[in-house]
Enquirer: 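Quick one: this structure, given as structure tokens, is what I'll be asking you about.
Naming: A, B, ... by sequence-line order, numbering from 1 per chain. Any value given below was found using the heavy atoms of this structure, including those in side chains, with hydrogens, waters and symmetry copies removed.
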There are 4 protein chains.
Amino acid sequence: MRSYSRRWPVVFSRATGSHLHTEDGGRYLDFFAGAGALNYGHNNPTLKKVLLDYVGNDGVTHALDMFTTARRDLLEALAEVVLRPRGMDHKVVFPGPGGANAVEAALKLARTVTGRSGVVHFTNSFHGATLGTLSVTGNSQHRRAAGLPLTGATPMPFDGYDGRHAPDYLARLLADPGSGLDRPAAVIVETVQGEGGVNVASPEWLRAVADLCKRHEILLIVDDVQMGCGRTGPFFSFEDAGIVPDLVCLSKSISGYGLPLALTLVRPELDVWRPGAHSGTFRGVNTAFVTATEALRTYWTDDALEKSTRAKGERVGDALQGIVDANAGADLSARGRGLVQGLVVGAGLADEVSAEAFARGLLVETSGPHDEVVKLLPPLTVSDAELAEGLEILAESTRVVLERAG
Amino acid sequence: MRSYSRRWPVVFSRATGSHLHTEDGGRYLDFFAGAGALNYGHNNPTLKKVLLDYVGNDGVTHALDMFTTARRDLLEALAEVVLRPRGMDHKVVFPGPGGANAVEAALKLARTVTGRSGVVHFTNSFHGATLGTLSVTGNSQHRRAAGLPLTGATPMPFDGYDGRHAPDYLARLLADPGSGLDRPAAVIVETVQGEGGVNVASPEWLRAVADLCKRHEILLIVDDVQMGCGRTGPFFSFEDAGIVPDLVCLSKSISGYGLPLALTLVRPELDVWRPGAHSGTFRGVNTAFVTATEALRTYWTDDALEKSTRAKGERVGDALQGIVDANAGADLSARGRGLVQGLVVGAGLADEVSAEAFARGLLVETSGPHDEVVKLLPPLTVSDAELAEGLEILAESTRVVLERAG
Amino acid sequence: MRSYSRRWPVVFSRATGSHLHTEDGGRYLDFFAGAGALNYGHNNPTLKKVLLDYVGNDGVTHALDMFTTARRDLLEALAEVVLRPRGMDHKVVFPGPGGANAVEAALKLARTVTGRSGVVHFTNSFHGATLGTLSVTGNSQHRRAAGLPLTGATPMPFDGYDGRHAPDYLARLLADPGSGLDRPAAVIVETVQGEGGVNVASPEWLRAVADLCKRHEILLIVDDVQMGCGRTGPFFSFEDAGIVPDLVCLSKSISGYGLPLALTLVRPELDVWRPGAHSGTFRGVNTAFVTATEALRTYWTDDALEKSTRAKGERVGDALQGIVDANAGADLSARGRGLVQGLVVGAGLADEVSAEAFARGLLVETSGPHDEVVKLLPPLTVSDAELAEGLEILAESTRVVLERAG
Amino acid sequence: MRSYSRRWPVVFSRATGSHLHTEDGGRYLDFFAGAGALNYGHNNPTLKKVLLDYVGNDGVTHALDMFTTARRDLLEALAEVVLRPRGMDHKVVFPGPGGANAVEAALKLARTVTGRSGVVHFTNSFHGATLGTLSVTGNSQHRRAAGLPLTGATPMPFDGYDGRHAPDYLARLLADPGSGLDRPAAVIVETVQGEGGVNVASPEWLRAVADLCKRHEILLIVDDVQMGCGRTGPFFSFEDAGIVPDLVCLSKSISGYGLPLALTLVRPELDVWRPGAHSGTFRGVNTAFVTATEALRTYWTDDALEKSTRAKGERVGDALQGIVDANAGADLSARGRGLVQGLVVGAGLADEVSAEAFARGLLVETSGPHDEVVKLLPPLTVSDAELAEGLEILAESTRVVLERAG
């Protein structure tokens with residue numbers, strides 16, 4: 001979102017596991033993980049092997065929506081490993097190579113199916129930089145870059161925003177024929193707002209939003225681009241809340257290896273497009289299909305990764321709380337779920353913490369409307385030792401920055 | 001655009017050069033080339049080698065906009081091989097992984113820079129399936145799939161549309177303060193409309209459009225996603241017209257190997273975005289960077305490929321004219337530039353020709369508002385023998401279909 | 001709003017003071033007063049005299065924006081009687097004949113001056129039925145009639161909506177660069193929402209909204225079309241709150257006699273239109289000018305009418321509270337300011353009360369999103385006896401309806 | 001449109017027939033007639049009498065949509081005098097007091113009925129200054145004043161624009177599923193563009209537009225606000241073309257006396273609004289109803305006025321052609337229909353001609369995108385002597401201006 005090249009003025013050349021290496025021999029512990037696109041670490045050896053084999057054997061590389069063995073394998077793996085075990089019968093749409101494509105497709109489908117045009121999104125949401133996804137994005141800097149008024153969407157308070165922990169304002173508006181909020185086609189939500197500042201929606205709030213949607217026949221879209229693929233523990237970030245969205249957007253870590261891939265999961269009755277209604281060149285990146293299939297079969301056929309992520313998440317949460325406690329005079333706080341965790345340091349200061357961490361060999365990003373949160377997104381495959389090292393650097397960096405700030 | 005999987009109901013597994021292979025041993029000559037994303041053929045051995053080396057050596061795979069050696073190499077190759085020799089000082093924006101991202105970025109920049117919101121596009125244009133790109137796309141089936149009224153764009157007649165070969169209607173509207181056409185931020189144009197039916201703009205028309213833009217301080221965007229990277233002969237499809245667009249959109253064959261990559265080339269004075277104004281996860285697909293760099297250095301440091309494409313294009317054009325002449329009773333025609341060529345057969349019939357060709361081992365697509373055109377997009381690296389074979393199949397398929405149609 | 005002809009299925013032919021007469025000799029006490037357009041009663045004799053004189057002497061009837069003696073007289077009266085005594089230096093724009101024109105002009109000016117496109121309005125607002133005014137109107141039935149998605153406006157909770165009595169949600173959104181609410185050009189508000197259900201904004205809330213606007217350089221528009229011209233007591237309904245809006249919309253009773261006239265009052269620095277930027281045929285209804293001038297000079301050169309309206313308002317309020325108290329078992333409530341007062345009876349029931357009142361010779365309208373409020377808008381010139389009579393009919397009608405409803 | 005008060009810097013006080021009188025005794029021959037709102041002259045004595053009687057007898061002045069005797073009389077007169085004789089079974093909607101209301105209502109109904117959002121209008125159209133009507137207006141100065149991008153409408157070439165006399169471009173776009181023009185809800189057209197420069201559509205062109213609409217199930221709206229009520233000869237300006245629009249907008253001269261009144265005539269099957277879907281305070285200006293009824297019964301029960309208007313129109317046309325011929329060296333031309341006639345003098349010059357005419361006691365307006373046309377709109381009741389006097393002043397004014405311009 002920010003310009004990472006400005007934040008980290010070095011030239012990277014190689015990458016393995018939890019580390020990025022610079023061309024002049026530097027080595028950085030990566031708690032950014034491609035903004036959540038590298039949940040299984042850089043150049044994960046298992047995935048790398050299938051990729052090299054596939055390319056080496058002249059597997060189809062690019063195939064739009066043609067049938068290929070790689071596509072078939074991925075669809076089977078998604079059904080077997082992800083959907084069926086969770087009781088989901090969603091269809092898989094290949095909307096294009098990036099997360100924005102997954103969201104654009106979800107919005108288009110929701111509008112077409114319902115015949116309504118509006119969409120409700122939430123304060124501090126982030127869903128993409130294309131015109132359709134910008135309209136449901138909160139960030140004003142991004143919105144301004146559209147160069148024209150964004151329409152078709154209305155922001156509503158996210159869980160805890162404005163001090164309230166129920167979607168009661170939205171509920172009131174929807175029940176009131178004079179509210180001025182036209183019944184929307186869809187509500188789009190992130191269960192944890194990564195770019196928005198690691199804002200965590202409670203399961204209760206998510207359930208209330210889902211209920212509201214059902215009651216008013218509004219489609220529920222969960223944008224799980226950053227929080228899916230195990231980032232919060234379970235494969236889908238909404239599993240803990242016990243809800244099943246009508247549409248789910250996946251991208252980032254779905255290919256496993258950092259190759260562009262995006263999916264939109266769609267309840268069968270919503271799959272109304274005739275062939276050719278939504279197109280795009282890069283809907284058949286078969287190299288990404290093979291790494292995606294391998295990632296699903298390697299990491300999601302049992303609950304080992306999920307348990308490990310939850311456990312590591314608790315460790316990180318404890319460590320962040322430790323930093324908060326150790327700096328009692330400062331106005332710090334910690335929040336997060338699984339391996340997306342935020343240390344709220346304050347505008348300006350978070351950038352400094354990130355810079356100090358970089359100087360100590362750790363890559364961490366900031367987020368939030370004022371860039372006031374240090375956001376931790378380590379690979380899920382991070383080792384305990386790496387985790388400890390990174391957290392220590394973070395603690396030290398925070399201490400230094402707060403001391404300097406007086 | 002269409003559902004290729006329906007057109008070609010086989011399962012592809014491998015691909016080399018001009019051929020796709022099915023899992024059960026079938027072999028198809030490919031005159032579709034990934035909708036123009038595989039100008040250098042499937043799994044081009046030169047590019048494959050650098051890709052395998054890069055992945056094998058744990059090169060950075062995914063890096064958003066961080067500095068990497070692969071990014072630097074690509075930027076250098078673009079400057080040396082593409083921009084400087086053509087007297088262009090455009091900056092390179094990495095807008096996201098697909099062509100739609102390149103167009104979305106161009107539209108956003110144009111609107112931001114000019115402070116105007118409208119965009120002029122042309123009849124039968126195709127620029128993508130996201131909300132912003134749909135609004136400048138002509139195809140009604142695609143437009144309907146948006147699910148809401150598309151705004152911010154006005155279609156104008158493409159060269160030859162409605163019998164006229166000058167942008168005089170547009171010129172009249174722009175000069176008339178009562179015309180109802182608000183001065184647009186940009187005009188976006190394809191030099192050859194691939195999806196729209198292989199409609200070829202003449203150099204004169206393109207120059208007139210460019211002049212009009214200059215006169216009215218409107219930015220000119222050339223969407224060279226399908227026609228760039230040598231498809232029409234020269235690297236950029238607009239070179240023959242002697243124009244230099246303010247913004248150029250590239251994707252499809254720019255990575256060379258079919259990996260997702262897109263670029264927006266921007267006149268330096270238009271690069272007004274502050275860091276973070278436009279974002280996206282897959283702006284740093286470094287595997288695509290290395291194949292892109294290699295493709296530029298392999299194919300574009302001399303004019304061999306350009307000359308070969310022009311020569312092959314003439315052969316294809318002659319062959320198509322031969323088919324037209326051989327079926328004088330039918331209402332056929334041929335058109336195209338370089339290695340994008342179309343045989344106008346008629347609605348319904350073009351689909352049948354494509355099916356007959358498939359039965360004979362040739363993949364060819366249809367295009368045009370009524371799917372009335374058989375569109376030929378062979379790899380630029382197609383051999384003379386392959387070209388001959390494919391054209392013969394096409395001639396035979398056409399003959400059979402016309403005979404059947406009586 | 002509703003179809004009055006269905007509510008009152010008789011044919012009116014004459015009207016005087018607080019009464020409407022039917023062609024067959026019926027006589028109705030009018031507590032509707034032309035939806036607030038007849039604050040001085042039907043065919044007010046003072047105004048009637050100047051109108052007859054003006055027409056009889058061939059005064060200019062229709063003059064667009066030409067200079068006329070009638071226009072000059074009105075502008076002088078507005079300055080002397082209304083603006084100067086209140087310390088306002090607003091310019092007077094003649095935007096067209098109806099309230100919607102006054103609001104359309106205010107919205108256009110606000111957007112032009114600020115260069116922003118969005119407008120904040122409030123839940124259960126009503127500002128008109130043209131495209132621009134519909135977009136800031138809450139009522140879903142009206143909004144649907146637009147036939148296309150309404151854009152450019154966002155509803156915010158009115159005072160007391162959702163249980164809160166401060167514009168804190170709006171304040172939070174405006175202060176948060178990630179909220180998704182683009183800084184609007186203007187906030188448009190009614191101090192009492194007539195159509196919305198006689199919802200009364202407190203002076204504190206209005207001041208807080210005005211402060212918020214000032215702090216964020218957002219223009220404040222008060223739509224005083226129904227509540228201005230003394231309906232709540234003072235000439236402008238916002239005077240009690242001690243605020244001075246940037247733009248004020250007036251219509252309905254401004255002509256005094258029920259002739260179409262609308263005004264937009266504009267802070268001088270906002271009057272940026274060049275001649276001809278906003279036009280319309282009926283901006284110079286000189287017959288309305290003469291009655292408007294006479295109404296101002298007759299009723300607003302001292303505070304007699306204001307005091308009388310406040311006193312009568314209290315009487316009505318007390319009477320409504322009496323009805324509430326007399327029907328303690330039912331869920332009634334009363335609210336209002338000056339001579340706009342509402343008895344909240346409930347959906348369905350309010351319509352029945354109105355029908356019972358009609359049967360007893362009283363015209364009263366309903367309002368609110370569910371038509372749950374009986375709305376009283378008697379002429380300000382209503383006599384004490386008429387007031388007593390009407391309130392008695394209302395009490396009786398309510399009693400009958402509640403009894404029937406069980 | 002323009003600021004008439006700047007053009008004519010005098011103060012008018014009285015008006016009779018074809019003359020306006022200033023407060024200091026000046027007297028002007030009026031060939032502007034309230035921009036076409038005073039077809040029967042200023043303070044027409046027949047209409048004045050019924051107005052004075054009605055007001056004098058306390059007739060209902062203002063009644064929203066309540067039943068009144070005045071409303072009934074008008075509806076009967078419309079049916080008897082206007083609709084039935086022309087074989088029209090349109091319903092009469094009272095959309096609000098001005099022409100913009102009539103157009104807004106037509107656009108809303110067309111969108112609601114068809115479920116489509118777009119509207120086609122024509123180059124140099126003028127339909128109003130509210131948001132909905134601005135979007136179908138050509139004038140860029142007006143459009144800019146909206147302060148936000150206007151959407152939902154596409155301009156098409158009016159008859160003769162760009163040298164072509166058939167709506168063939170529009171026909172081509174509608175027939176082409178790839179054109180980028182979504183099938184619109186409606187086409188809105190003026191038969192003669194008054195504000196746009198007295199551009200006259202031929203009957204053939206109008207019929208072709210009507211046929212096109214029928215073929216594509218698009219609703220045809222004729223905005224007859226300025227050209228209706230006999231301005232071109234027949235009551236409706238479209239009668240000579242033999243077409244029957246789906247919706248007709250009337251205002252300006254419909255009340256006859258210059259009082260605000262507007263009507264939207266709607267084919268019965270299009271009257272889909274439920275009560276209350278479209279509202280507004282000034283839909284029941286009963287004083288305008290009585291003058292409207294009287295005007296219909298006085299002027300439209302035989303064909304005397306129509307014949308007289310056609311004859312006078314020919315005289316004016318001949319006189320203008322005489323001016324053209326007398327100034328052969330200058331680039332003049334004349335055009336018009338009935339008593340709307342234009343002398344094309346050129347930008348800048350037309351304003352000077354108008355000023356010279358004013359100095360000689362004649363009020364004439366200019367129009368056209370560059371204000372290049374002197375537009376003549378005398379009352380239809382103008383006498384032969386007045387017509388001769390005005391045309392002589394115009395000839396002299398033109399001569400003087402051209403001489404000065406050299």
Enquirer: How close do C/G132 and D/L131 get, counting heavy atoms only, and between which atoms?
Expert: N-CB, 3.5 Å
Enquirer: Is it the side chain or the backbone of D/A70 that comes within 4.5 Å of chain C heavy atoms, both, or neither?
Expert: neither
Enquirer: Examine whether an atom of D/R72 lies under 4.5 Å from a heavy atom of chain C, and if so say whether it belongs to the side chain, the backbone or both; otherwise answer neither.
Expert: side chain
Enquirer: Is D/Y54 close to chain C through its backbone or its side chain, or both, or neither, when contacts mean heavy atoms under 4.5 Å?
Expert: side chain
Enquirer: Heavy-atom distance under 4.5 Å to chain C: side chain of D/F282, backbone, both or neither?
Expert: side chain
Enquirer: For D/S13, which atoms come within 4.5 Å of any heavy atom of chain C: side chain, backbone, both, or neither?
Expert: both
Enquirer: Select one option (side chain, backbone, both, neither) describing which atoms of D/V103 are under 4.5 Å from chain C's heavy atoms.
Expert: neither
Enquirer: Relative to chain D, which segment of C/L51 carries a heavy atom at a distance below 4.5 Å: side chain, backbone, both, or neither?
Expert: side chain
Enquirer: Side chain, backbone, both or neither: which part of D/L52 has a non-hydrogen atom closer than 4.5 Å to chain C?
Expert: both
Enquirer: Need one label for D/L20: side chain, backbone, both or neither, based on atoms under 4.5 Å from any heavy atom in chain C.
Expert: side chain
Enquirer: Between C/W8 and D/F67, what is the shortest heavy-atom contact and its length?
Expert: O-CD1, 4.3 Å
Enquirer: Compute whether any side-chain donor of one residue and acceptor of the other, for D/N101 and C/T130, lie under 3.5 angstrom apart.
Expert: no
Enquirer: Under a 4.0 Å N-O cut-off, is there an ion pair linking D/D58 with C/K48?
Expert: yes
Enquirer: Which bit of D/L47 is near chain C, if near means a heavy-atom gap under 4.5 Å: side chain, backbone, both or neither?
Expert: neither
Enquirer: Examine whether an atom of D/V55 lies under 4.5 Å from a heavy atom of chain C, and if so say whether it belongs to the side chain, the backbone or both; otherwise answer neither.
Expert: both
Enquirer: For the backbone of D/L148 and the side chain of C/K108, can you confirm whether one donor and one acceptor N or O come within less than 3.5 Å of each other?
Expert: no
Enquirer: Taking the side chain from D/T61 and the backbone from C/G258, do they hold a donor-acceptor pair closer than 3.5 Å?
Expert: no
